[in-house]
Structures are given as structure tokens and as C-alpha cells.
2 protein chains.
Amino acid sequence: MSVVPKISRERIVEIASELFYHNGYNQTSFSQLAEACHIPKGNFYYHFKTKQDILDAVIDKRTNDIVSVLQSWDDESSDPHARLLCFVRMLKRSQDELLRFGCPMGTINLELGKSQPQLQTQSAKMFELFINWLVLQFNLLGYEEEKSRFKAYYLMNQAQGCATLLYSLKDKSMFDKQLAYLEDWLNTIKKS
Amino acid sequence: MSVVPKISRERIVEIASELFYHNGYNQTSFSQLAEACHIPKGNFYYHFKTKQDILDAVIDKRTNDIVSVLQSWDDESSDPHARLLCFVRMLKRSQDELLRFGCPMGTINLELGKSQPQLQTQSAKMFELFINWLVLQFNLLGYEEEKSRFKAYYLMNQAQGCATLLYSLKDKSMFDKQLAYLEDWLNTIKKS
DNA sequence: GTCTATACCTTGATAGAC
DNA sequence: GTCTATCAAGGTATAGAC
């Protein structure tokens, strides 16, 4: 006695998020989205007024996902150094996805910057969440505010750069080496 | 007695390159391109069979431009350390453009990766040119091949990361600081 | 609430006069 | 070689039956 659940708004957003990640927002059409959701095209407009509304919802979802991830790292350890390692290891775990589709934050940000500037601002909040969290960890390690901010950006720079080059040049072993270097760096700057 | 020159194929490619950089390739339509070139739409197909042919030509042009830039840095100084500083200073000089439109290599690469994978491979050659040149400079500084490659990627990582974060978060002063750090790093690793 | 049919627009590309 | 007119296809969005 199986119940076939109607597709929920939440599920649509999940599917859209993946399609936007894989194909880009502008290159993903309603037809593709409808097909992936197994619903007719017209049906969308019950949940969303425009395509951009879907993008808004996707950005919201991703933002919330990031909050959850950061929370889970906070829960996992109270040691800021261990938490920072979580960040680097996430990159390592994501290697295959990064190679195929690039960084989910970086790629959408660059795309929106060219076509929907106001939405770029929105999606840049994802970066800010990560950076603010990183700043906090360096604070906890004993660094003052300005130095912490610098290190947080430095770490995020590296992450974005590694992801971009991996996506462009497909060199996995170099990606590994650069991440290993980042881990070493984290060990070096660890204060008492 | 002024002569109004007919627009050349070369000039079309220049204009297309700028439009693709500012708006993205997929988001730039023939109509926009025609308007910017002051020629009717149909006129294009005398020079190019398809839109993608224009993109090919744009990538070619940019690739050649990069070769010229690297050549000019080679000419400017025979000291590899000074040459590497040219690279960092180019980033500094490009600050305003990077903030508004992102890195011309990085943004087109990420875009093409999602929609035209075969062209991404083509445009990734631009990265390779830079990286191979960087490797060579580290070689000349006295580093062995593997270490040189690592450092070249590290430098390019930073450049891409800085550009991405500047474009996303618009923080000029942090961009300056990160570049200053890169210069320091170059001074540190300078061998005899 | 769900689906079908379709309106309306813009796109890349073509045909053919000059 | 250059330009006008137009094409077919695919996009987003809407109207209205059920």
C-alpha cells in the first residue's frame, strides 16, 4: 500500500539546486526542470511566480545548508584548529564534484555577477558565512581581529583557487598537494 | 575627407571579447553584438558560420594576447624574481576590472565548463600558458621542476582566489593585503 | 490544486535582393 | 560584400479546463 507523495516545493528546490549547479542557472530551462521533477511545465507557477523566484529559493536553501555544516563542525569539536581542518577536509572529500562542476558557491557567484548583479549580492552571503566562521576560529586560536580576518580570506582564497584550477585543468594530484600544504600551514600557525 | 573604415573581422572579435567578458558568452546575443558593432545581424554570417565560431576566435585572440604579455615581461627583465613581480602587479593594476567583471580567464572558464565542455578545454590553455611561464621562472630561480610546478600553481591559486573573492565580496582593501602578502612571499622564496 | 494548451518573445541562423 | 526580411526552435509565462 504505497503512497506516491506529490512533489513538494522543497523537493523542487532540491532538484533545481542540483540542476543549477550542474548546468548553470541561465542554461537550465523550465523544460529541463519540469522533466527532472516529473511535473508539467505549467505546474511550476503554482509554487513560483518566476524563474528567478526558484533561484531565490535555491540560494536560501544553500545558505541554510551552509549554516548546518558550520554548526556540525562546531559540534564535532571545541578545538578551533580541529574545526579548521574540517574545512580543508571537506574540500578533499568534494574533489570529484569540484572537478566536474566547480565550487557550488564560486560558480554560481561568477555566473550571477554577469547577468543578475542583485542576486550575486544575495549569493555572496554564502561566502560571508564561511569567512565569518573562519574568522571566529582564528579568534579562538588567539589571533586578533585583523589578523584573523586576513587568515580567513587567505584560506578562502586558496580554497577558491584550488577549486577553480581543479575544474579548469583537471589536475587531481596537484589539488591534493595544494590541500596538503594548506593543512601544513594550519599546523604551523596553531598557537599553544 | 575622412574615410569611414568598414569594420574588420579582427575588430568584431575585439568587441565580442569585451562583451563576452562583461556579460558572459551565453548571455550575449547576436543582437547585442550586432548593435555594438554597428552592423546588421545578418552581416555576421559572412565572417562566422556560427556563434561558437566567434567564441573560438575570441579565445584565440585572448590566448595570443597572453603570449604577448608574457613576452613583454620576459623582455622587461631577465631577472625571474622581477618577472614574477610583474605578474602580481598586473593583478593589482587590474583591480577595478576584476571587481566589476571577475578574472577574464576564470569567469569564461567556469561558464564554459557548465555549458560547452569542449570549449573549456580550449580556454584552459590560457591557464596553462601562465602556469608554464611561472614554472619556468621558478626554474630559473633555482628550484627543481616539481617544486617549481607546485609554486606556480600556488601563485595561480592565490590569483584566482583573490579575483573571485574581490568579484564576489567587493573588498578592495583585503584584496590589496592579500596581494601584498604574495609579494612578500615572492621575496621570501627568492634564492641567491 | 493540477494539468493542457498556447501566447508571446528572443534566440541563432538563412534566403535572397541589391 | 552588404543589408532586409524572415525562419524555425526554444525560452518564459499565462489562461483556463478539469
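In the text below, chain A, chain B and the rest are named by the order of the sequence lines, each starting its count at 1.
If you take CZ of A/Phe48 and P of D/dA13, they are 13 Å apart, rounded to a whole angstrom. Taking atom CD1 of residue A/Ile54 and atom C1' of nucleotide D/dT12, one finds them 11 Å apart after rounding to whole Å. Between B/Asp53 atom CG and C/dG12 atom P the separation is 14 Å, expressed in whole Å. Atom CD of B/Gln52 and atom C1' of C/dG12 are 13 Å apart (whole Å). A/Lys51 has its NZ atom 18 Å from the C1' atom of D/dT14, to the nearest Å. Going from atom NZ of A/Lys41 over to atom P of C/dA5 covers 13 Å, rounded to whole Å. We find that CZ of B/Phe44 is positioned 15 Å from P of C/dT14, with the value rounded to whole Å. For the pair B/Tyr45 OH and C/dT11 P, the computed distance is 12 Å after rounding to whole Å.
Each of B/His38 and A/Lys49 lies near DNA chain D, and the nucleotide nearest B/His38 is the one positioned closer to the 5' end.
For DNA chain C, the residues of residues 26-34 of chain B within the heavy-atom distance limit of 4.0 Å (strictly under) are B/Thr28, B/Ser29, B/Phe30, B/Ser31, sorted by number.
Nearest nucleotide to the side chain of B/Pro40, out of D/dA13, D/dT4, C/dT4: D/dT4. Of the listed nucleotides (C/dT2, C/dA13, D/dT12), C/dT2 has the atom at the smallest distance from the side chain of A/Asn43. Taking only side-chain atoms of B/Tyr46, from C-beta outward, the nucleotide of C/dT2, C/dC3, D/dT2 with the closest atom is D/dT2.
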Do any side-chain atoms of residues 11-19 of chain A form donor-acceptor pairs under 3.5 angstrom with protein atoms, and if so which ones, sequence neighbours left out?
residue	atom	partner	partner atom	Å
A/Arg11	NH1	A/Glu14	OE1	2.7
A/Ser17	OG	A/Arg62	NE	3.1

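Of the charged side-chain nitrogens involved, at least one lies within less than 4.0 Å of a carboxylate oxygen, so that A/Asp65 and A/Lys61 count as a salt-bridged pair. The pair A/Asp96-A/Lys172 meets the salt-bridge criterion, with a side-chain N (NZ, NE, NH1 or NH2) lying under 4.0 Å from an Asp/Glu carboxylate O.
Side-chain atoms of B/Glu111 and B/Asn26 form a donor-acceptor pair, as typed in the model, at a separation below 3.5 Å.
A cation-pi arrangement, defined by a distance under 6.0 Å to the six-membered ring centre and an angle within 45 degrees of its axis, is present between B/Lys151 and B/Tyr143. Taking the ring axis of B/Phe130 as reference, the NZ or CZ atom of B/Lys125 does not stay both within 45° of it and closer than 6.0 Å to the ring centre. Geometric assessment of B/Lys114 against the ring of A/Tyr25 yields a negative cation-pi assignment under the 6.0 Å and 45° thresholds.
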